Structures are given as structure tokens and as C-alpha cells.
Amino acid sequence: MSPNILGWQLPSLPKSRGKRVLVFAGFVLVLVVLSRCAFRGAPTAAATSEEIRVLIAAPENSIRIRAQDLRCPRIGDLGLVHAIEVRTQAKGLLVIPLREERQSDAMSEPAFVLDDGNVDITWLGPATWTTGAASNANSSRQHFGRLTVHAADDGSLRCVLHAPLELYVTGVIAAEMGTSFPPAALAAQAIAARGFALTARARRKDSQDFDVFDDERDQVYRGVDAAPSLIEAVRATTDLVLAYDGTLLRSYYASTCGGRTRDGYAFFRDVPREPFRGVVCEACSDSPLYRWSRKIERGAFTQLGCGRSGSLSFELFADDDRGDLEKVRITGPHGAVIAPASSLSRLRPLPSRWIDSIRDRGDDVEVRGRGFGHGVGLCQYGARGYARAGWSCTAILQHYFPGASITHLRDL
Ligand SMILES: [Zn+2]
């Protein structure tokens, strides 16, 4: 493992796997203890006590949580329970402590009814859970922190995980980039994901009971991932974010820019211009979606007001210098229609809005384009390419966010 993935001199991890596991265990323990101290209101100076509130998508009307030392402070000492099931019911919540993993409802401990529909669940170490969807594929993923469960008005459960920030970041890197990218790319992703989460938290803190969605509405989190490459990326960048002009930067990122990142201000409007001006990217050409083509059935274009017969021609209108499609004029025997780019994507989802050409091929219309995702900020495949070429994490981030600097949270 490179000792300088940031481009700075950093102490490296021990090489042996056994030592790595110990380092990870210590890393987790420190974060969990700090997180718990923060929960209890104890003063904490260390920035690693940062917590992020993650809204867990689609728990439906029940969740079963398994962990060591499970506790529900509101309903007293639960003893040696191995799992807790929480369900909605007509009056609030039903909390069922389970002493055996396979225990049936009939054999369960007395259940507790919480009429106000709110409960906090804590545990020590990792927890796993399954939700109302019994086939939940993520039941083996581990979570740290505590969970607040609330019965929503529509009868569903609303679950918010209060997770230690740095452990949450390992999960985001795993879901958004994977474990196999080079260390400098993973470190860049860690810094981007951390900053993105913290700007989301700042936006919602006065209006919502959560900071981030656990899916593409913010960034994907499916549980902590303890892969050594991810732990190293987070350890090497703990508490580091991107800042511009002394302010935390909303560090957008996307899979593949296609050769040039998009002007972020033109797309999101909520970012400063300089660090989000589009830049040339010469490192993402080995992404599977660097260039792409998609076929849309000719008949589908009747949904846009085109006639069913005759050949169509397409004139593209871009909304920025890069060539991202704003709208298209479609001309056929029955006249011309103007369709916004979003309506084209509704006929068939397209990897990006950077469209080179649209051509009528008879039975199909072929769309050719570049890149995958919105193209703003860090290009993930580009980060991989530059890291393979020897760039440091710092060099990668300074390329994609011109003028921004890597900053410790305590300095903001
Ligand atoms: Zn790129």
C-alpha cells in the first residue's frame, strides 16, 4: 500500500493481514465509542465523533435487527436478546425482543407496545438487519451506530441510522466505486463522499430528521465495508474534505465524464463556478461507457408526437459548451416537434446527456453519446486512470475541482 496516496507523507499500515484486522478493529472501536459519547451528550473534541443520519430506504412495516448487546433504552433491560423486531401496528409500534435467532413469534419474549410510535435501538459492535422485504439481499451488511425507528402516518416504518461518519464513508466508497480501484482513487472518493454527506447534512439539519438518503438521491450506502483498501482510504483521509474560499464544497462526482467534465454551475446552480468549471479528462477512456450507443424503437417516438410512419431527422440543441442535450427538434413527414432531453430519456434511459448523434435506422433510432452520469466534479473512472498513471489523491482532486483545497474539518 502506498504510504503517500494523498501526495503527502503518511504512516503506512502494517503489512500483515492479522495486523490489518487489529487496526480495523481499533478503528471501529474508537469511532463507536466516540459516537456513543456524542449520543449521551458528553463533550467530544475529536472530529471523528461526527455522525451522519442515514434514512434507510423502504423498510416497509417491519425490521429485524441482530447484534450483540442490543438495547432499547425506553423499555428497560432486555437481557441477552439476539435480535429485536419492530413492527408498525394500529397504535404505534410493537417491539419484540428475540432471545433466539430463529425464535417464532409464539415463543418470543413479551412484546412492548409504544403508542407514540418512536423507539431508539442501540448496540455494540456491528448489527445486521432485514426489513419487511424478507428477501432483502443486504441482510449480511454490517451497520454501526444506533437506529431510530418511527411509525409513519401511512403505516410504514421510518428508520434513521445514526452512523459514525467515517464508517459510513467506507460503505459509500464500496457502493459507489468498489474496492478494487487504486488507493489514490479510493482516497479521492473518500474525500468527495465525506464532503457530499456533510453538505447534505448542513442543508437538511433544520428541516429533516435525516441527513442523507441511502440511495442515488444522495449517495448509495448499503452498510459498512471492511475491505482493507477501503479502510486504508478512510484512515488516510479521516476528517478531510474539499473546501473552496473557506467553505465546505459540495463535492459532486459521477462515474465517467466521457473526456470532459460538465460545467457544474450550468447543471446544479448551487455550486461556485471556479471549482466546477468543466475540465478535460484524459483518463476515463477505459470505462465501459466512455462511448455508448442505445437503440430506441422507432414506434416509441409517437409518444413525443411524431407520426408512426416515415423517416425522422434529428437536430440537437446543447445547453452548455460540452454538448449536453437540452432539446431536440424531430422532423418527419408529419411536421416537426421539439422534445426536451428528459422526454428522450423517458423513451429509454440513457447513460448521460452528452449526445453526439441521433439517427433513424429504420426499425430503430440510434442514439450515440459519451460518459455515464451527470459528469459534474470528480470523474470516478478518470480518477482510476490518473491513479494508475501515478497521480496522487491530491493531484486528482485538484484536477477535477480547480482552486479547491483539501482541508481538515476542524479548520472550517
Ligand atoms: Zn473522465
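In this text the structure is predicted, and so the values were computed from the model without any measurement. Atoms within a ligand are numbered from 1 in the order they appear, just like the ligands themselves. As a basis for the values below, the full set of heavy atoms in this structure was taken, side chains included, without hydrogen atoms, waters or symmetry mates.
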Inset, instruction - Would you kindly check if the NZ (Lys) or CZ (Arg) of Arg370 is within the cone defined by 45 degrees around the ring axis of Tyr290 and under 6.0 Å from the six-membered ring centre? - result: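 Because its charged atom misses either the 6.0 Å distance or the 45° angle limit, Arg370 does not stack over Tyr290.
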Legend entry - Polar contact flag, side-chain donor to acceptor under 3.5 angstrom, Gln189-Gln380: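 The answer is yes; a qualifying pair exists.
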Inset, instruction - Taking atom types as modelled, find out whether Ser156 and Asp154 have a side-chain donor-acceptor pair closer than 3.5 angstrom. - result: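 A donor-acceptor contact under 3.5 Å links the two side chains.
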Inset, instruction - Sort and list the pairs that fulfil salt bridge (charged side-chain N to carboxylate O under 4.0 Å, His left out) and have at least one residue in residues 187-203, not counting sequence neighbours. - result: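 Listed once each, the pairs are Glu50-Arg201, Glu166-Arg194, Arg203-Asp270.
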Inset, instruction - Could you tell me which non-hydrogen atom of Asp215 sits nearest to which non-hydrogen atom of Ala57, and how far apart they are? - result: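 Smallest interatomic distance, heavy atoms only, reads OD2-CB, 4.2 Å.
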Inset, instruction - Determine the minimum heavy-atom distance between Thr237 and Ala190, stating which atoms define it. - result: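 Nearest heavy atoms, Thr237 then Ala190: OG1-CB, 3.5 Å.
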Inset, instruction - At a cut-off of 2.8 Å, list the protein N/O/S atoms near the Zn ion (ligand 1), residue plus atom name. - result: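 Per the 2.8 Å query on the Zn ion (ligand 1), atoms found are Cys257 SG, Cys281 SG, Cys284 SG, Cys379 SG.
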